[in-house]
Each structure stands twice: as structure tokens, then as C-alpha cells.
Amino acid sequence: MKLILAIVNNDDSAIVASELTNEGFIVTKLSTTGGYLMVGNTTLLIGAEDTDVAKIKQIIQKYSQTRKCVNPTNASFGRGLSPNGLEHEVTVGGATVFVLGVDDMEKY
Ligand code: 2BA
């Protein structure tokens with residue numbers, strides 16, 4: 001069994017989660033924040049059989065868009081600011097996906 005952690009844009013999270021759910025997968029949505037841009041994103045937790053991992057990754061990839069974001073100039077935000085405070089653009093996503101091995105899963 002695997003645990004898939006997928007970090008997706010907030011704007012894509014509803015469609016990604018509902019497409020996964022429609023395919024019969026069980027999804028938990030966490031509200032998270034990226035450490036660089038310091039803006040909200042969504043982390044999806046999906047416990048799945050090894051044989052389903054490829055299909056899940058395909059669905060996440062299909063519904064996660066790549067976006068350009070401007071890093072804010074406010075010097076109080078995070079540690080990713082350029083030293084001279086100039087704005088710069090970063091490409092975010094579509095999705096960042098980790099696949100972890102699971103030793104055991106039980107429901108009580
Ligand atoms: P953030 O940390 O807010 O990062 C947003 C985007 O800023 C990243 O997009 C990347 O293009 C850029 N970026 C991040 N850290 C950077 C750095 N130290 N120097 C220069 N540019 C940097 P993505 O790579 O698509 O990541 C989107 C979000 O996914 C991240 O939000 C973070 O929440 C998560 N993430 C991505 N890779 C991760 C990793 N290896 N471990 C944990 N979380 C990760």
C-alpha cells in the first residue's frame with residue numbers, strides 16, 4: 001500500500017479531489033501553505049493500493065494547472081525574497097506528488 005501526498009493549487013483542489021473520489025479513491029484535503037510564496041495551497045492525502053498509484057497520478061496531473069505567480073516584495077514574507085526586494089515570477093505546479101510506502105493501515 002502507498003500514501004500519496006499531492007500538493008496542488010487551491011483553485012485545482014476541488015476538481016482534483018472530486019475526480020479522484022468519483023473514481024472510488026478516498027481523499028483527505030489539508031489546507032497548507034507553501035514555504036516560499038507563503039500563500040495557501042492544498043495537500044491531498046490518498047491511501048491507495050500499489051496498483052492504483054499510476055491512475056491516481058494521471059488524474060492529479062490531468063486536473064492540475066501550471067501557473068505563473070509573482071513573488072511579493074513585502075520584506076516580511078518568508079525567506080524566498082530576492083535580496084534587493086525586486087519582484088520576480090515563479091512557475092508553480094501543476095502538482096508536486098510524493099509516493100510513500102505504508103507498513104500498515106487499519107480502521108477502527
Ligand atoms: P512554495 O514553497 O510556495 O513554492 C512555490 C513555487 O516557488 C515553487 O513551485 C517553485 O517554482 C518556487 N520555489 C519554491 N522554493 C524555491 C526556492 N527555494 N528558490 C526558488 N524558487 C522556489 P512548485 O515547485 O510547483 O511548488 C509548489 C508548492 O509545492 C510549494 O509552494 C510547496 O508548498 C510544495 N512543494 C514543492 N516542492 C516541495 C518539496 N520538495 N518539499 C515540500 N513541499 C514542496
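In listed order, ligands and their atoms are each counted from 1. In this text the structure is predicted, and so the values were computed from the model without any measurement. FYI, side chains are in, hydrogens and waters are out, and symmetry mates aren't considered; it's all heavy atoms of this structure.
Using a 4.0 Å cut-off to heavy atoms of Asn41, the atoms of ligand 1 that qualify are 28 (C), 31 (O), 33 (O). Remark: ligand 1 atoms within the under-4.0 Å shell around heavy atoms of Thr91 are 9 (O), 10 (C), 11 (O).
In this structure the side chain of Ile59 reaches within 4.5 angstrom of the side chain of Phe25, judged on heavy atoms. Contact check for Leu45 versus Leu5: side-chain heavy atoms found under the 4.5 Å cut-off. Residues Val8 and Asn41 form no side-chain contact, since every pair of their non-hydrogen atoms from C-beta on lies 4.5 Å or further apart.
Within the 3.5 Å criterion, the main-chain N or O of Ser13 finds no donor-acceptor partner in the side chain of Thr42.
Regarding atom 25 (O) of ligand 1, its nearest protein heavy-atom neighbour is Gly93 N, 2.6 Å. For atom 31 (O) of ligand 1, the closest non-hydrogen atom on the protein side is Gly34 CA, 3.5 Å. With respect to atom 2 (O) of ligand 1, the closest heavy atom belonging to the protein is Tyr36 N, 3.0 Å. Nearest protein neighbour of atom 26 (O) of ligand 1, counting heavy atoms only, is Thr96 OG1, 4.0 Å.
Side-chain contact, Asp12 with Ser64: no donor N or O sits under 3.5 Å from an acceptor N or O.
Of all the heavy atoms of Val39, none lies under 4.0 Å from any atom of ligand 1, so neither backbone nor side chain is involved. Residue-level proximity to ligand 1 for Ile7 is carried by the side chain, the only part with a heavy atom below 4.0 angstrom.
Remark: ligand 1 and Leu37 share an N or O pair separated by less than 3.5 Å (distance only, no angle test). Of the N or O atoms in Phe98, none lie within a sub-3.5 Å distance of an N or O in ligand 1.
For Lys62, the salt bridge (charged side-chain N to carboxylate O under 4.0 Å, His left out) criterion is met by no residue, not counting sequence neighbours.
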Trace of the side-chain hydrogen bond (donor to acceptor under 3.5 Å, both in side chains) decision for Thr91 with Lys68: CA-CA 5 Å; Thr91 303; Lys68 302 261 185 213; 3.2 Å; yes
